Amino acid sequence: MLHHARIIRVRGIVQGVGFRPFTYRIAHRHGLTGWVKNGAEGVEIHIEGAQRDIDAFLRALAAEAPPAARIASTHILEAPCESFATFDIRESDARGAPTVRISPDLATCDACLRELFDPSDRRHRYPYINCTDCGPRYSIVTALPYDRPNTTMAEWPMCGDCAREYHDPFDRRFHAQPVACPVCGPAYVFEMGDAPPEREYAAIAAAAQALCDGKIVALKGIGGYLLACDPRNESAVMALRDRKYRKERPFALMARDLATARDLAALDAAGEALLASVARPIVLADARVTFPGVAPDNRELGVMLPYAPLHHLLFDAGAPRAIVATSANRSNEPIAFEDGDALASLRGIADAFLIGERKIARRIDDSVTRSSGGSTAVYRFARGYAPCAVARIPVQRPILALGADLKNAIALAVDGQVFVSQHIGDLEHRSAREACEATIADLCATYEVRPADALVVHDAHPEYISTAIARGLSEGAVAVQHHRAHVASVVAEREAWGTEIVAFAFDGTGYGDDGTIWGGEMFAGSVRGGLARIAHLRTAALPGGDAAARFPVQAAAGFLFGIDDLPDVLAEPFAFGSRYGDARKLVERNVRTFATTSMGRLFDTVAAILGFTREITFEAQAALWLEHIASGAPRAAKYDLPLIGETFDYHPMLRAIAWDRARGRDPAEIARGFHAAVAHALCTAAEGLPNRPVVCSGGVFANRLLCDEVRGVLGARAWFNSIVPANDGGICLGQVALAANLANV
């Protein structure tokens with residue numbers, strides 16, 4: 001029989017997900033010889049045999065890939081026959097700069113869970129159980145290619161039993177790099193006060209009991225430490241808030257299982273699928289129960305399922321059926337992931353520590369998502385997603401984009417693929433800046449890119465910390481305007497570089513072309529040809545600059561200035577108080593006052609009119625409150641937000657809203673009418689450029705109600721972010737897209 005040979009190069013998420021053993025098995029099934037190995041760009045296969053068997057192999061390669069694998073491309077080349085006698089797995093090839101996609105960390109698979117709770121299995125109750133279909137990946141990788149010596153498991157030599165599984169091509173743990181067992185692998189230790197430490201399952205049982213006793217426990221997980229407590233214990237929840245300096249921002253809950261999650265939140269089918277996916281993100285959904293202190297003034301809960309064996313064991317050991325599970329840090333600082341730092345920084349927060357012996361290579365928070373309008377919205381791109389290649393882009397020179405200062409994340413374009421890092425945090429904190437610099441070094445080292453050889457991109461704001469970091473990396477760093485980057489992030493997800501679009505970038509703040517504070521912008525054009533600003537929100541005065549983002553009544557002083565015939569907002573039901581009066585004086589004297597077109601501050605102004613007059617304690621709190629009261633009201637008549645020339649004039653709307661509030665109209669109805677007004681204004685303005693996609697991005701579009709209103713009118717014509725966040729966490733992707741087209745790299 002005539003033999004043929006083929007070289008097959010597979011790119012995508014194909015390392016660390018069982019792709020080589022999978023290839024080995026289907027090659028043997030079809031009687032083929034040759035080899036498979038990891039390479040710098042993915043997986044390379046050489047097969048020899050009859051043509052019909054090669055064809056069957058190629059069909060199986062595409063149709064039966066491991067659950068966690070994501071094949072981006074497959075290139076098939078003819079090759080000379082070398083008459084191999086067998087099919088083998090070869091050692092990895094580390095030649096050339098790596099461009100392979102690293103797998104995100106994967107939730108524990110069903111097969112491992114069965115073994116975890118099987119008393120007859122040698123890994124019974126072992127908290128580091130894993131196989132080729134599940135377990136840590138990105139959080140333990142120290143270099144590429146993905147082999148055990150390049151992971152934090154390198155210090156744990158395999159015992160004989162684990163080594164036999166590792167080398168058996170027909171075993172589920174064949175070439176599973178983190179494979180271990182109680183004999184040869186790391187363990188957990190529980191420490192609380194002066195009590196003797198507990199180890200192994202006794203440590204987990206002690207932690208579960210501490211949670212039941214109302215203690216706050218620091219748990220070492222996949223990408224860092226979590227702080228956990230019983231959500232039914234109000235004193236524990238409030239103690240966690242007080243110690244963590246987290247006044248009102250909602251806490252996420254980890255539910256024992258899907259049935260418990262359904263009891264906690266109203267999940268639709270898409271939400272349940274998202275919750276149970278291998279990424280295991282936090283999913284936002286309408287709350288079905290209320291736990292005092294967990295999510296104050298919030299109609300939603302963030303819920304996730306266990307994703308590490310440790311979590312399953314905690315619940316099995318008697319922990320409450322749902323636990324608060326929040327990043328182990330002080331408010332807005334990066335998550336603690338190194339044991340020494342965690343023990344030092346969390347001593348005043350946690351009552352007890354459950355410490356895992358396996359090191360974490362890099363910190364990774366839990367991802368935050370929502371199922372909305374039939375698609376996924378990502379609010380924090382982290383564990384389970386990072387460092388995915390989120391787009392393909394036609395560039396030869398590497399591009400390093402440093403994102404924005406809030407919700408910082410970075411992106412690296414290598415060999416036509418854009419990799420986005422995990423969420424880092426707000427760079428105003430020194431620890432977050434250090435984390436950003438570490439992530440830059442980490443991602444560049446992983447893909448063997450020197451920042452000096454890359455095009456470095458940053459936000460146009462001259463005083464951003466990320467701008468300073470970029471200039472320190474490269475004298476030729478390129479600035480990209482904030483809101484155009486928001487728009488370009490949506491286009492990049494769809495790889496629609498030359499598509500003519502009409503776009504809206506709505507957020508709280510961003511440095512504009514004219515040096516003022518933008519945030520309510522309309523653009524037309526394309527990423528490839530340029531995005532022209534064609535309209536914007538009416539310019540308002542912003543007294544006190546950034547302080548107005550913390551005090552809605554301060555923003556209101558600027559947005560209400562110049563509107564005639566307003567009710568007395570110092571009287572009931574408004575009672576704006578002295579801060580409003582002081583801010584009003586700043587506007588009148590034009591002292592410490594800045595020009596802005598911020599849609600985010602317009603939302604804050606309306607929130608203040610409707611009763612949110614206190615200082616906010618986390619970003620976008622007033623706007624979130626406004627969305628949630630609006631969501632509880634029936635559809636209401638919209639207010640008027642007309643586009644006059646190049647300006648969306650909010651004066652008529654704010655006048656009408658203020659008088660409706662003064663006359664006693666239900667604030668929820670007013671809030672619903674306001675959301676309808678913004679959506680209607682957007683959709684009406686887009687009608688001036690028909691047959692174009694309508695791109696919507698920026699932090700304001702984290703608002704589910706607003707997005708649903710827009711989708712209800714525009715349908716599929718409306719494009720939103722679905723891979724990276726619409727907030728500043730997605731800026732880095734847009735920066736890469738615009739820099740690539742502007743600089744022709």
Side-chain angles (χ1 to χ4, degrees), residues 401-409 411 457-464 466-467 478-493 500-540 542 546 549 594-603 619-620 623 643 646-648 678 681-682 685-686 689 692-703 706-707 710 718-721 724-739 741-742:
L402 302 197
D405 275 17
L406 292 178
K407 295 180 170 59
N408 180 257
V457 192
H458 60 87
D459 192 276
H461 198 303
E463 297 180 6
Y464 265 6
S466 53
T467 298
V478 174
V480 169
Q481 199 278 321
H482 188 94
H483 298 95
R484 291 184 178 89
H486 270 309
V487 170
S489 71
V490 180
V491 175
E493 288 185 359
E500 291 291 318
I501 61 171
V502 54
F504 299 86
F506 291 170
D507 65 2
T509 182
Y511 191 80
D513 294 344
D514 55 5
T516 65
I517 302 168
W518 287 8
E521 316 309 314
M522 180 179 178
F523 298 97
S526 70
V527 167
R528 182 168 291 154
L531 295 166
R533 185 195 194 207
I534 62 171
H536 56 83
L537 196 66
R538 179 173 180 158
T539 302
L542 195 64
D546 290 344
F594 306 87
T596 186
T597 57
S598 169
M599 183 65 75
R601 300 294 81 80
L602 177 62
F603 271 72
E619 186 190 5
L643 177 60
E646 298 179 357
T647 303
F648 292 99
V678 175
L682 183 161
L689 292 166
R692 294 187 182 197
V694 181
V695 172
C696 303
S697 190
V700 169
F701 289 105
N703 185 310
L706 177 63
C707 293
V710 171
W719 287 7
F720 298 93
N721 289 101
V724 299
N727 59 41
D728 283 6
I731 283 278
C732 58
L733 174 58
Q735 289 174 341
V736 168
L738 287 170
N741 284 285
L742 292 173

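Keep in mind the model is a prediction, meaning the values are calculated, not measured. All residue numbers in this chain count up from 1 along the given sequence.
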Original post:
Under the ring-ring contact (aromatic ring centres under 6.0 Å, His included) test, which residues partner His483, sequence neighbours left out?
Top reply: none
Subject >> Results of side chain to side chain contact (heavy atoms under 4.5 Å, CB included) for Ala620 - residues two or more places apart only >> reply: none
**OP:** Kindly compute the distance separating CG (Asn703) from SG (Cys696), expressed to the nearest 0.5 Å.
**Re:** 12.0 Å
Original post:
OG/Ser697 to CZ/Phe720 distance, rounded to the nearest 0.5 angstrom?
Top reply: 10.0 Å
**OP:** Could you list the residues that satisfy ring-ring contact (aromatic ring centres under 6.0 Å, His included) with Phe701, not counting sequence neighbours?
**Re:** Phe506
Original post:
Step by step, would you call Met599 with Phe504 a side-chain contact (heavy atoms from CB on, under 4.5 Å)?
Top reply: CA-CA 11 Å; Met599 183 65 75; Phe504 299 86; over 6 Å; no
Original post:
If you look only at pairs with a residue in residues 501-520, which of them pass as a salt bridge (charged side-chain N to carboxylate O under 4.0 Å, His left out), with sequence neighbours excluded?
Top reply: Arg484-Asp513
**OP:** State which residues pass side-chain hydrogen bond (donor to acceptor under 3.5 Å, both in side chains) with Asp459; sequence neighbours excluded, sorted by chain then number.
**Re:** His482
**OP:** Tell me, with the steps shown, if Val700 and Val678 meet side-chain contact (heavy atoms from CB on, under 4.5 Å).
**Re:** CA-CA 11 Å; Val700 169; Val678 175; 5.9 Å; no
**OP:** Provide the closest heavy-atom pair for Ala681 versus Phe648 in the form atom of the first, atom of the second, distance.
**Re:** O-CE2, 3.7 Å
Original post:
Partners of Glu493 by salt bridge (charged side-chain N to carboxylate O under 4.0 Å, His left out), sequence neighbours excluded?
Top reply: none
With a cut-off of 3.5 Å and sequence neighbours excluded, list every side-chain donor-acceptor pair involving residues 523-535.
residue, atom, partner, partner atom, Å
Ser526, OG, Gly529, N, 2.8
Arg533, NE, Glu521, OE1, 2.6
Arg533, NH2, Glu521, OE1, 2.8

Original post:
Can you name the closest pair of heavy atoms from Ser489 and Val724 and give their distance?
Top reply: CB-CG2, 4.3 Å
Subject >> Gap between atom CD of Glu646 and atom CZ of Arg538 - 0.5 Å precision >> reply: 14.5 Å
Original post:
Closest approach of Ala409 and Cys732, non-hydrogen atoms and distance?
Top reply: O-CB, 3.5 Å
Original post:
For Tyr464, which residues count as a ring-ring contact (aromatic ring centres under 6.0 Å, His included) partner, sequence neighbours excluded?
Top reply: His461
Original post:
Under the 3.5 angstrom rule, does the side chain of Asn408 hit a backbone N or O of Leu402 as a donor-acceptor pair?
Top reply: yes
Subject >> Partners meeting ring-ring contact (aromatic ring centres under 6.0 Å, His included) with His536 (sequence neighbours left out) >> reply: none
**OP:** List the steps, then state whether side-chain contact (heavy atoms from CB on, under 4.5 Å) holds for Leu682 with Val710.
**Re:** CA-CA 8 Å; Leu682 183 161; Val710 171; 4.2 Å; yes
Subject >> Distance, nearest 0.5 Å, that separates OG1 of Thr596 from CH2 of Trp518 >> reply: 11.5 Å
**OP:** Check whether any side-chain heavy atom of His486 sits under 4.5 Å from a side-chain heavy atom of Ile731, and report yes or no.
**Re:** yes
Original post:
For the residue pair Leu733 and Ala411, what are the closest heavy atoms and their distance?
Top reply: N-CB, 4.4 Å
Original post:
Taking all atoms of both residues into account, what is the closest heavy-atom pair of Ala485 and Val480, and its distance?
Top reply: CB-CG1, 4.0 Å
**OP:** With rounding to the nearest 0.5 Å, note down the distance linking CG in Asp405 to OG1 in Thr467.
**Re:** 7.0 Å
Subject >> Partners meeting side chain to side chain contact (heavy atoms under 4.5 Å, CB included) with Thr509 (sequence neighbours left out) >> reply: Ile517
Subject >> Pairing residues for Glu500 by the salt bridge (charged side-chain N to carboxylate O under 4.0 Å, His left out) criterion, not counting sequence neighbours >> reply: Arg692
**OP:** Not counting sequence neighbours, which residues clear side-chain hydrogen bond (donor to acceptor under 3.5 Å, both in side chains) with Ser598? List them please.
**Re:** none
Subject >> Closest contact, heavy atoms only, Ser466 versus Ala404 >> reply: OG-C, 4.0 Å
